Structures are given as structure tokens and as C-alpha cells.
Amino acid sequence: MASTWLLIAHGTVVDGAGNPPVQGASVLVRDGLIHAVGTDVTRELVPRGETLAEIDATGRTVMPGLIDAHCHMTYGESRSEEEIDLYTSPESRTLKAAFHAQKVLRAGVTGMSQPGGSYYIGVALRDAIADGIVQGPRMTSAGRYISTSNGLTDWYPDSVGVPEGSIGIVHNRLDDMIDEVRHQVKNGVDLIKLADSPYGDFQAFTTHEMTVLADLAHQLGKKITIHARGSAEVDAAVTAGMDWIMHGNIMSDETIAHLAESRIPLVPTLLLLANAGDWGHLVGAPVPLRDGMKRMLEKSADALHRAHAAGVPMVLGTDSGFSLSPYGVWHARELDLLMRYAGLTALEAIQAGTSNGAQMLGLDGRIGTVAPGMIADLIVVNGDPVADITVLQRRDAIETVIQDGQVVVFDEEALARSWPHERGIGYSVTDLTYDVVHGLGDGADPRDLPAPEEFRFDDEHAADLVSDMRRRERSAGTF
């Protein structure tokens, strides 16, 4: 049977393995796998009569597609935790996740792992992408986070409990945690996600609990990871044998030494912290949230620089899915943040965003580098990310996305649309006290005074609010 070939000619190849770029090189792909790479690779290697497509990459960079190891496809770009957990039906969440997967792929992210989300939507999305029904990156997925009442996802008071649609499920007894692991594996997850304390202030799981759950996941042929921000839970996660660890914002030298010796990868996931701290004021993020994330980011810089110096492998992860980290927009910013807050070089950051993420896809040694025999998930970039890593954040610079050796065609008009989850019912962003109305001085009529800059709606936000009000009125039958 004749093969199908793709020649990406005369570009600068950045291989994703940390090697220096090779200029004037070509990449030849055969039936979805990289066949040859080098300055001497030409169309003459293709047998006469077989199908060959060509891309002229002169002046461009050819590199592996990015792998985002921390991408939450069920979050729906929500502006509040209640939107993530309570609003929008499972059916709608599923369709929206499929829609948003296209945006992630368009950004040059050809692989992603979802470490937790609502229901088993991630499992269904993974299969739909693999079957070619949905356009998106190749994917692995966990089910709901497993947490304790002292961990990340027990958001609500006991009088409310844990909603069925929550991204996490709460268990305080080891036997119940074991049942949950077995239940999730039965339902097709690739990995188990544990969620320790929200900010790393304490260790929410015991080391024994972590170890038992890691051993069970491995016995059942699955991977296991954990949200662990503080030193105690990171150290316990290493002892337990987690496959990779999320965050690691605060770590002692002893914990870092333990982590480095284990060779367990760390997924720092700095994007949400940086977006909130740097730009959250532009979209009305609460001041305490912004200030808290700034402080966490600064603490992270110390720990991550020491971890990098100790040789801890790092992986790109973004926490995409919040309103502060929308799909298909900021994935590559994590590479810049890894350079700034962990001390990686540009080539090391690219490696963190490509070959280091292969493990999270279950494709170690098969994806993430430009080398013969590797899966041909590639991007062609108009620019030099080694000289300027931020070029990967520009949508127009990602000129070509190649998945399994095929050039992906996108519906750009459709991808420009937004499809948020149901919004929570909000009345104001602060309290309408007497002083707010009458303490402004000069005897002016408060109705004539402009709103403070922080609370003003732009046209897009105003239209969103009006649309939401009209939808609610129609649902109530008022018109």
C-alpha cells in the first residue's frame, strides 16, 4: 500500500530535546511518523508515484507541538467556582468542552492532559478526539479530583455539601478513597488526581493515604498526580511515588533534594497566578485574589529556581479553563514564566513544553521531539522562539499545525466565538453603603457621578450582562 508523505522544507528545526537549532533543515513525514530530519533531506527520499505534500518553511521554525499537562476542558472559562461546579448541564458542558478543544489545538497545543474536571466529560472528549469526531489535541484525562474536607475542592459549607457537578469529590476515609479510584478506573480515566491543601499551608492527605492510592493506581495500570503547593505535601508525594506533581510553590531544600533524586517531574503551572497578578485588575478580579496570587508567584520563584538548579524536570501546565486563563490564548505564556520564575533557558522551556510532557500523554519516547520514528505532531512558527519565547503566544505566528502528519484546517470564524457557561447571579461587586453614595463630596448628585474605573463595564461586558438578563427573563416567562 502506498504511503502518504509530507515534506517541511528549509526551516530552522528546534527538536524539543534541548539541542541547538539546526538551520536550513527539512523534516520528512511518512504516514504520520517522522521519517527523516536534516539538512540533506529532500523529496528524492520519497518513492516515485507516492503522494507528497510540501510546506516551504524558509525563515520559519519547525518544532514539536506544545503539550499542556494541566488543561481543564470542563471549566468553560468560568468567572467563579460556582459556575464551574453548579451552573450549566453536563450535556452543555460536554458540547462546550468539544468546542473549546479546537481553540487549544489552534494555539499550537497538539497534546494536553486534563488533571480533573466535571463528571467523565474528559474521558468522552479524549475518545471523540482520538476517533476524529472532535477536532482537538490528543488527550489524557482524570475524573474528578479526589480530595478531603481539608483539601482543595471542599468549597462549600456542610449545609450545601459537594455538588454532583463539582470538579472534586470529597472522601475522608481511606476505604472510600480506594473505592473512588476503582470507580474512576472502571469509567476509563487515564490518571488519578489528588488535591491536597489549597495553598500549601498543611498536608491534607496522610503520607500513608497517598502511598496506598498511588500503589492502587499503578496496580490498575494508571498514573497518579497531585495538587501539592507546600513542602510537606510535595515531600509526601515523592515518598508515595506519584508520577508527577502539580505546583510545588513552596519547597525546602530537603524536599527539593528528595524530588530531584526521584526524577519525578514537576508541573509548576504558573499561568493562572501570573495572569491574575499582572492583569487581573483589567477584568475586575478581586483585590485579595490578585494580591494572594502575586505573593504565591514570588514565593514560587525562590523554590523553583532552587529546584531547577537541582535538576528537577519541569513540564508546561497552564490551568487553562478559567476566565483568567481562557482556552487557546495563554498556553505558551507558561514557557516565558518558566524562564522568569524558574530560571530555565529558552531551549529548556521548549523542552518543558514538548518532550517533557510526553509522559502525561502516556507516550514517553514516542512524541514531543523532532526525530525519526516520532509521532508527527508539529508546528511551523513564523519567528524564532529560542531568541524570543513570546513569539509562541502570537496566534498569527502559529502558521501551521500538523497532527499525525496531517495539516490541520481550522474554521477561524467559528473559533473567534465565545461560549461561556451559565453565569452566576451577581448583584454588585461591592456594598452600596451610605458612604459610597454620599461620601463623595462637593454636594454632587450621586446619580450624575461616574462609576469608579475598576467597576466600569466595557461594551463586551455590558452586552454579556444584558444578554444574561434577557435569557433569565425568557426562562421566567416574562416575555
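Nothing here was measured: the structure is a model prediction, and the numbers come from that model.
The OG1 atom of T153 sits 8.5 Å away from the CG atom of D85 when rounded to the nearest 0.5 Å. The distance from atom CD of E334 to atom CG of L270, rounded to the nearest 0.5 Å, is 4.5 Å. Here the NZ atom belonging to K103 is positioned 10.0 Å from the CE atom belonging to M73, to the nearest 0.5 angstrom. Rounding to the nearest 0.5 angstrom, the gap separating the CD1 atom in I350 from the CG atom in L316 is 11.5 Å. Note: I146 CD1 to K193 NZ = 11.0 Å, rounded to the nearest 0.5 Å. Here NE2 of H258 is found 5.5 Å from CG of D235. Values are rounded to the nearest 0.5 Å.
For H308, the side chain to side chain donor-acceptor pair (under 3.5 Å) partners at least two apart in sequence or on another chain are E348. Residues forming a side chain to side chain donor-acceptor pair (under 3.5 Å) with T58 (at least two apart in sequence, or on another chain): D56. Considering only residues two or more places apart in sequence or on other chains, H227 meets the ring pair (Phe, Tyr, Trp, His ring centres under 6.0 Å) condition with H247. Judged as a salt bridge (charged side-chain N to carboxylate O under 4.0 Å, His left out), and not counting sequence neighbours, R366 has no contacts. Take D278 and apply the salt bridge (charged side-chain N to carboxylate O under 4.0 Å, His left out) test, not counting sequence neighbours, and it matches R333. Remark: D31 pairs with no residue by the salt bridge (charged side-chain N to carboxylate O under 4.0 Å, His left out) rule, at least two apart or across chains. By the ring pair (Phe, Tyr, Trp, His ring centres under 6.0 Å) test, Y327 pairs with H100, sequence neighbours left out. Applying the side chain to side chain donor-acceptor pair (under 3.5 Å) criterion to N19, with sequence neighbours excluded, gives D15. Residues that satisfy the salt bridge (charged side-chain N to carboxylate O under 4.0 Å, His left out) test with E54, not counting sequence neighbours, are R43. Residues passing the side chain to side chain donor-acceptor pair (under 3.5 Å) test with S141, sequence neighbours excluded: Q114. Take F99 and apply the ring pair (Phe, Tyr, Trp, His ring centres under 6.0 Å) test, not counting sequence neighbours, and it matches W419.
Closest approach of P326 and S320 over heavy atoms only: O-OG, 4.4 Å. Scanning both residues, L347 and P20, for their nearest heavy atoms gives CD1-CA, 4.2 Å. Here the closest non-hydrogen pair linking A307 and M251 is CB-CE, 4.0 Å. Between L324 and A276, the shortest heavy-atom distance links the atoms CD1-CB, 3.9 Å. Here the shortest heavy-atom pairing between Q359 and P265 reads OE1-CG, 3.5 Å. Taking each heavy atom of A57 and V380 in turn, the nearest pair found is CB-CG1, 4.4 Å.
A donor-acceptor pair under 3.5 Å is absent between the side-chain atoms of K222 and the main chain of V185, judged by distance alone. Checked by atom type and distance alone, the side chain of R30 never pairs as donor or acceptor with a backbone atom of T4 at under 3.5 Å. Judged by distance alone, with hydrogens and angles left aside, the side-chain atoms of Q102 form no donor-acceptor pair with the main-chain N or O of F410 at under 3.5 Å. Counting only distance, with no hydrogens or angles, the side chain of E50 and the backbone of P47 share no donor-acceptor pair below 3.5 Å. When atom types are taken as modelled, the side chain of D196 and the backbone of I226 share no donor-acceptor pair closer than 3.5 angstrom. Not a single donor-acceptor pair under 3.5 Å links the side chain of R144 to the backbone N or O of G165. In this structure, S355 contributes its side chain and G16 its backbone to a donor-acceptor pair below 3.5 Å. Of the possible donor and acceptor atoms, none in the side chain of E77 sits under 3.5 Å from a partner among the backbone N and O of G321. Of the possible donor and acceptor atoms, one in the side chain of Q403 sits under 3.5 Å from a partner among the backbone N and O of G136. At distances below 3.5 Å, at least one donor-acceptor pair connects side-chain atoms of T74 with backbone N or O atoms of S118.
Looking at heavy atoms from C-beta onward, N187 lies out of side-chain contact with Q184 at the 4.5 angstrom threshold. Contact of the L194 side chain with the Y145 side chain is not registered, since no non-hydrogen atoms from C-beta on lie closer than 4.5 Å. Taking 4.5 Å as the limit, some side-chain heavy atom of T61 sits within range of a side-chain heavy atom of P385. At least one side-chain heavy atom of V104 sits under 4.5 Å from a side-chain heavy atom of H331. Between L45 and V41, some side-chain heavy-atom pair lies under the 4.5 Å cut-off. Proximity of L337 to L271: side-chain heavy atoms (C-beta onward) are separated by under 4.5 Å at one or more points. Here the side chains of R290 and V287 are in contact, with some heavy-atom distance below 4.5 Å. Counting heavy atoms from C-beta outward, D243 and M360 have side chains that stay 4.5 Å or more apart.
Note on E412 versus R395: salt bridge recorded, some NZ/NE/NH1/NH2 to OD/OE distance being below 4.0 Å. Ion pair R306/D253 flagged as a salt bridge, since at least one NZ, NE, NH1 or NH2 atom sits closer than 4.0 Å to an Asp/Glu carboxylate oxygen. With respect to R340 and D336, a salt bridge is recorded, a charged nitrogen being found less than 4.0 Å from a carboxylate O. Under 4.0 Å is where a charged nitrogen must lie from a carboxylate oxygen, and between K223 and D190 no such pair does. A salt bridge between D377 and R138 is present, with a side-chain N of the basic residue lying under 4.0 Å from a carboxylate O of the acidic one.
Using a 3.5 Å distance cut-off with no hydrogens or angles, the side chains of W244 and T225 do pair a donor with an acceptor. When only modelled atom types and interatomic distance are considered, S231 and T255 share a side-chain donor-acceptor pair under 3.5 Å. Using modelled atom types, one finds a donor on one side chain and an acceptor on the other under 3.5 Å when comparing N382 with E399. Side chains of T88 and E83: a donor-acceptor N/O pair is absent below 3.5 angstrom, by distance only. Residues S300 and N249 have side chains that bring a donor and an acceptor to within less than 3.5 angstrom of each other.
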The test is side-chain contact (heavy atoms from CB on, under 4.5 Å); show your working for E81 and I167 and say whether it passes. CA-CA 9 Å; E81 188 59 41; I167 57 177; 3.6 Å; yes
Show your working on side-chain contact (heavy atoms from CB on, under 4.5 Å) between V46 and L7 and close with a plain yes or no. CA-CA 9 Å; V46 180; L7 180 64; over 6 Å; no
Carefully, step by step, assess L266 and V315 under the rule side-chain contact (heavy atoms from CB on, under 4.5 Å). CA-CA 6 Å; L266 182 68; V315 180; over 6 Å; no
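Using cut-offs of 30° and 60° on the angle between ring planes, the pair F322 and H72 is perpendicular.
The list of side chain to side chain donor-acceptor pair (under 3.5 Å) pairs with a residue in residues 262-274, not counting sequence neighbours, reads H70-T269.
In summary, of the residues considered (V401, L66, L361), a side-chain contact (heavy atoms from CB on, under 4.5 Å) with T110 occurs for V401 alone.
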